[in-house]
Amino acid sequence: MKKQSLLLAALALSALISQHAVAAGDAKKGADVFAEECGDCHSAIPGKSKKGPTLTGVIGRKAGTVANFAGYSDTMKESGIVWSADKIDAYITHPKKVVPAGKMKYDGLEDAAARADVIAYLSSLK
Amino acid sequence: MLNSTSKRAVTSSPAKLLQLVQKTLCAAALFGLSASLAHAVPSYARQTGSDCASCHVGSYGPQLTPYGVKFKLGGYTDSDGQDGKIPLSAMTSFGVTQTGKAPADGSAHKTNSTSMETSLFVAGRLTDNIGIFSQATTAYNERTVSLDLLDLRYARSLKLGDNEATIGLSLNNNPTLGDPFNALSQWRFPYIASKFGQDNGVGAPSPLVESLAAAVYGLNAYTFINNSFYAEGGLYNTPSRRDLVGVNGSDMGKFKGLGYYGRVAYFKDLKRQNFSVGLLGFNASLQPDRQDQSGLADKYTDLGIDASYQFLGNREHIFTVNTSYIKEWQTLNFTNSGLGSDNLKNSIKQFRLAGSYTYNQTWGLTTAFFDTRGTTDATLYSGSLNGSPTTTGYILQADWTPLGKESSWGAPFANVRLGVQYTGYTKYMGGSTYNSLDVNGGSVLRNAKDNNTLMLFLWTSI
């Protein structure tokens, strides 16, 4: 019981740290990160899909559900993921670990601060 | 450039044959461009949903970004998942050119205003693994349509242990057409050049590998491992005269045996910046006269090294540098036996360097240097006063590309580039003065700087 409590506490702390890292992102810097890392394949314009779906409104969206985008893998559509900040953080750190058979050809972004910045930018898109 | 690898008629008349050989060797495109100017293909943007600026530096073809490199090596098949995209595009260009002095052969005025080329592209995804890039063009002063460029590709991705690889096949009509980087002849600066910028009668030589656009057909196999290691090998041959006539291709003569093309490169995409370094090799024996029964052919061996660098950052300030050096060894069995050259063995060395800056993917400045040298051969380079083909100079260009971005008006249909380009020659065929041709085919002294060219151009595609 004691071990379980410690484990839960550790998980909660980890989640808190993760949320904190995302929350600390700078949306202005994130716009640059988006241009450098994401913008060739994803648009920030509502309803505009490229090789990947628009990322406007991605926070809180269920994966594989952008209506006018037909390029999703079955794995992505069936993943059940709802894109929260920490889920996006995990996904863009190493996409194939989160959606192993996904179509996105992206190796991942190692820089945690840059991930936080781009997530802050994505959160700002309405 | 609407370049000087112009259509050549085959003849067995000795005088015309010598002229043919000299044209083959000497009047190949100075800047190594193919039979048409470089390319802007909005049908790819419509297919992928991406803007032109995703694939091209400066929002207009052809200088590729890493995204464009991967799209090309993927066989032009990436898409936004939507069906029903029509793989058709069109392009046209207009130019006003002022040269230092009108050509002595009377082929043009000092100032010329004309449409330069109009092209139709079939370019896009055909199946999940097959795509095409092809261009048919009618050029200034030509009443025919020629199949300038053809690159039909099959590509697929493979997982090799922990490594990811793209492998592919390309059926094409130009050895460097399939190259994904920005330093070799088909794809390097200048992407547009004046028809009137060079002396059409006398010109510096180019390596054979850069002079075969629309004159050969070949099958290449390539691989791109971990988005870094690129290797390509191809076999080339010359079409029959009848087949060339069918597509209005360039007749350089015929190969004796096959031509062998090889290319390796290392590419590193660091997102904010990227670079590539590569090696190139080509070997072929060319018999300029198709009817000749002697069995003699001129042998060419080309070896080259090239490098590219791009700083892309957040795309507001983009810097690029592209450079190449190619040396060609020639054994002129055919030409020398017909007294078309003094030497049996010659060589040429070609160096190119271009650097560009682009602001907001809209405003561009480019500076380039070209330098071609070769073995002294007074007969082969009869236009030269000292027998040297040395031709050196520089190109300056400023351009404005208002469209082609994600939120641009008319995207992805409307695309336009306006620019001004100046080409200056410091040496032309061996020095500051050379022998050009007059209206009667005789020789007349002309200064290198007489070929200096100022061009205003409008280049548009849909």
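Every chain is numbered from 1 and lettered A, B, ... according to where its sequence line falls, protein lines coming before strand lines.
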(request) I would like to know whether B:Y191 and B:F189 meet ring-ring contact (aromatic ring centres under 6.0 Å, His included); could you show each step before the answer? (result) CA-CA 5 Å; B:Y191 311 120; B:F189 184 84; 5.6 Å; yes

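- Taking the ring centre of B:F181 as origin, the terminal cationic atom of B:R188 falls outside the region bounded by 6.0 Å and 45° from the ring axis.
- Side-chain contact check for B:S461 and B:Y60: at least one donor-acceptor pair (N or O, by modelled atom type) lies under 3.5 Å.
- Between B:F319 and B:Y357, the ring planes are tilted. Angles from 30° to 60° get that label.
- Side chains of B:N322 and B:S308: a donor on one and an acceptor on the other come within 3.5 Å.
- With respect to B:E232, the side chain to side chain donor-acceptor pair (under 3.5 Å) criterion is satisfied by exactly one of B:T176, B:N220, B:T223: B:N220.
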Between chain B and chain A, which N and O donor-acceptor pairs fall under 3.5 Å? A table would be great.
residue	atom	partner	partner atom	Å
B:T48	O	A:K51	N	3.3
B:G49	O	A:K48	NZ	2.9
B:S50	OG	A:D40	O	3.2
B:D51	OD1	A:K50	NZ	3.0
B:D78	OD2	A:K51	NZ	2.8
B:Q82	NE2	A:N68	O	2.4
B:R272	NH1	A:E36	OE2	2.5
B:N314	ND2	A:D32	OD1	2.8
B:R315	NH2	A:D40	OD2	3.3
B:E406	OE2	A:S43	OG	2.5

